[in-house]
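Sequential numbering from 1 along the given sequence is applied to the chain's residues. In what follows, every heavy atom counts, from backbone to side chain, and hydrogens, waters and symmetry copies are set aside. None of the values given here were measured: they were computed from a predicted structure.
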Amino acid sequence: MANHGELNSAIMGAQLRAAREAAGLSLSAMATRTHYSKPLLGMLENGQRQIRPEHVSAYADALGVGSTLFVEPSDGERAAAEWTQRVAASDISGDTLERLELAADDLAADYPTTPPGELLVRIRQHLGYAGRLMDSRKTLTQHRRLLVTVGWLELLASTCHIDFGELPAAAARGHLAWDLANEAGHREIAAWCLETRAWQQLTAGEFKTAAELSRTAQSLAPEDSSAFIQATAQEGRALARLGDTKGTYGALQRVARLVSGLSIPDRPEHHFRYDPAKSDAYVATTLAWLGDPAAESYARHVLADLARAASVRPRRIASANLDLGLALVAANKPDEAANVALAAVESRRLVPSNYWRVSEVVSGIEHRDAADAATVREAFRDTYRT
């Protein structure tokens with residue numbers, strides 16, 4: 001049994017830690033505010049150093065609370081306090097989880113510009129680290145944060161596997177992300193799981209299933225979330241493939257309302273944060289599949305915006321060229337359609353989940369100009385031989 005002094009330090013340390021975490025501050029941030037070293041603060045919070053009045057005052061000043069918030073418990077409170085100490089016990093610092101969360105965000109932001117294979121290697125490394133943390137002693141709050149972070153990582157890995165056409169691996173990771181989302185009560189991850197499955201079904205030609213999954217994703221997602229907007233846009237694309245003109249335009253109108261007034265996120269390249277600039281690209285794709293002549297002007301506008309963008313996004317440019325190519329086929333401009341399709345192919349930025357779109361454009365060109373279609377087809381075979 002711990003002696004009286006050790007127990008009081010442990011209880012007081014737990015109080016200091018709870019107050020810091022309630023204010024949303026990491027140990028590093030608290031070290032900056034109090035001018036005490038981060039290792040010392042960690043030892044104080046873990047009951048490994050005697051807590052003195054000046055330590056309590058430093059916390060109170062840094063958090064903007066009265067020092068009377070941190071009081072030594074009476075004898076009658078100590079039994080309950082011991083249990084509080086056990087519940088708050090953890091081998092994981094707030095900084096550790098914060099770094100892992102930031103790493104997951106970095107990976108999601110790197111998705112548009114990083115080859116899927118390279119990104120998967122980095123995701124696996126962070127999942128291995130997260131697995132070791134999962135085996136550590138942690139608080140309930142930390143446990144949920146870890147579940148959420150692993151959920152995002154597994155979902156991103158599933159997306160990369162879809163890009164590669166590795167559907168069994170994509171399904172396994174997607175199911176795990178779904179289970180983690182349910183365990184953590186995280187509706188947005190759950191909605192993204194369904195939206196990602198909808199996208200995979202769309203690329204597989206299962207358009208009705210894609211539309212149904214998109215609607216279910218909307219029913220799960222918080223209405224102010226990126227997942228809700230993305231699932232609505234995905235529904236519009238699936239309906240366009242089904243030839244449902246009224247439903248397609250209705251979905252496009254809903255997306256327009258959702259993104260009107262929406263500010264650009266701090267990291268617009270983040271795969272799970274909706275960038276309003278993507279809206280025109282989705283409209284271009286959707287209208288191209290619907291055969292609407294307006295698709296051509298939207299696709300040209302998207303390409304012009306991407307050309308002016310400060311950050312180069314080659315995969316989005318390749319996809320936008322395919323949109324324009326399909327729109328040009330519908331506008332009976334096979335020569336230009338072949339040129340932009342060739343640009344998409346020779347960019348080497350297409351992934352297997354986009355190959356069918358090349359075939360679609362080439363088939364459209366072939367009815368009007370067999371020679372140009374053969375040129376694009378041969379370039380595709382030479383570039384993506386493996």
Side-chain angles (χ1 to χ4, degrees), residues 1-107 125-153 180 183-184 186:
M1 184 71 178
N3 65 44
H4 182 81
E6 290 174 345
L7 180 59
N8 285 355
S9 290
I11 295 171
M12 289 290 291
Q15 290 179 349
L16 295 178
R17 177 178 181 170
R20 173 180 60 77
E21 290 184 343
L25 293 177
S26 64
L27 271 177
S28 296
M30 183 59 77
T32 301
R33 293 192 179 197
T34 61
H35 304 295
Y36 285 116
S37 70
K38 179 179 168 182
L40 173 61
L41 295 180
M43 287 188 285
L44 291 173
E45 293 187 3
N46 290 327
Q48 296 171 338
R49 288 286 294 271
Q50 183 68 37
I51 297 175
R52 303 185 182 281
E54 56 266 28
H55 299 143
V56 175
S57 297
Y59 266 74
D61 292 342
L63 300 175
V65 297
S67 59
T68 55
L69 179 66
F70 311 106
V71 295
E72 185 174 325
S74 64
D75 289 340
E77 297 172 303
R78 286 198 180 94
E82 284 190 68
W83 280 103
T84 300
Q85 180 188 351
R86 290 188 179 116
V87 170
S90 173
D91 298 324
I92 303 174
S93 72
D95 284 355
T96 298
L97 280 177
E98 188 176 348
R99 284 195 299 270
L100 185 61
E101 290 163 343
L102 290 173
D105 278 341
D106 288 341
L107 289 166
Q125 290 172 343
H126 285 88
L127 283 172
Y129 180 58
R132 293 191 290 276
L133 293 180
M134 192 65 76
D135 293 334
S136 302
R137 183 176 57 170
K138 52 195 170 297
T139 67
L140 289 174
T141 298
Q142 290 175 329
H143 181 70
R144 183 181 183 277
R145 286 175 65 186
L146 193 55
L147 290 178
V148 169
T149 303
V150 173
W152 285 122
L153 289 170
L180 291 167
E183 182 71 20
H186 202 289

(request) Working to the nearest 0.5 Å, report the span between OG of S28 and CD of E98. (result) 7.5 Å

(message) Can you tell me which residue among R20, R33, E45, Q15 is in a side chain to side chain donor-acceptor pair (under 3.5 Å) with Y59?
(response) E45

(message) Check this for me: E183, atom CD, are more than 12 non-hydrogen atoms of other residues, nucleotides or ligands nearer than 6.0 Å?
(response) no

(request) Test H186 against W152 for ring pair (Phe, Tyr, Trp, His ring centres under 6.0 Å), laying out the working first. (result) CA-CA 10 Å; H186 202 289; W152 285 122; 5.7 Å; yes

(message) If you compare all heavy atoms of A31 against all heavy atoms of S37, which two are closest, and at what distance to 0.1 Å?
(response) CB-C, 4.3 Å

(message) Can you tell me how far apart CG (L27) and CG (L41) are? Round to the nearest 0.5 Å.
(response) 6.0 Å

(request) State the OG1-CZ distance between T149 and R144, to the nearest 0.5 angstrom. (result) 10.0 Å

(message) To the closest 0.5 Å, what do you measure between CG (L107) and CG (L102)?
(response) 11.0 Å

(message) Nearest 0.5 angstrom please: D105 CG to E101 CD, how far?
(response) 8.0 Å

(request) Check whether any side-chain heavy atom of K138 sits under 4.5 Å from a side-chain heavy atom of L133, and report yes or no. (result) no

(message) Can you tell me how far apart OH (Y36) and CD (E54) are? Round to the nearest 0.5 Å.
(response) 5.0 Å

(message) Ignoring hydrogens, what is the shortest heavy-atom contact between G13 and I51? Give both atom names and the distance.
(response) N-CD1, 3.3 Å

(message) When you compare the side chain of T34 with that of H55, does any pair of heavy atoms fall below 4.5 Å?
(response) no

(request) Taking all heavy atoms of L146 and all of A130, pick out the closest pair and write down the distance. (result) CD2-O, 4.0 Å

(message) Using modelled atom types and a 3.5 Å cut-off, is there a donor and acceptor pairing between side-chain atoms of R49 and backbone atoms of L44?
(response) no

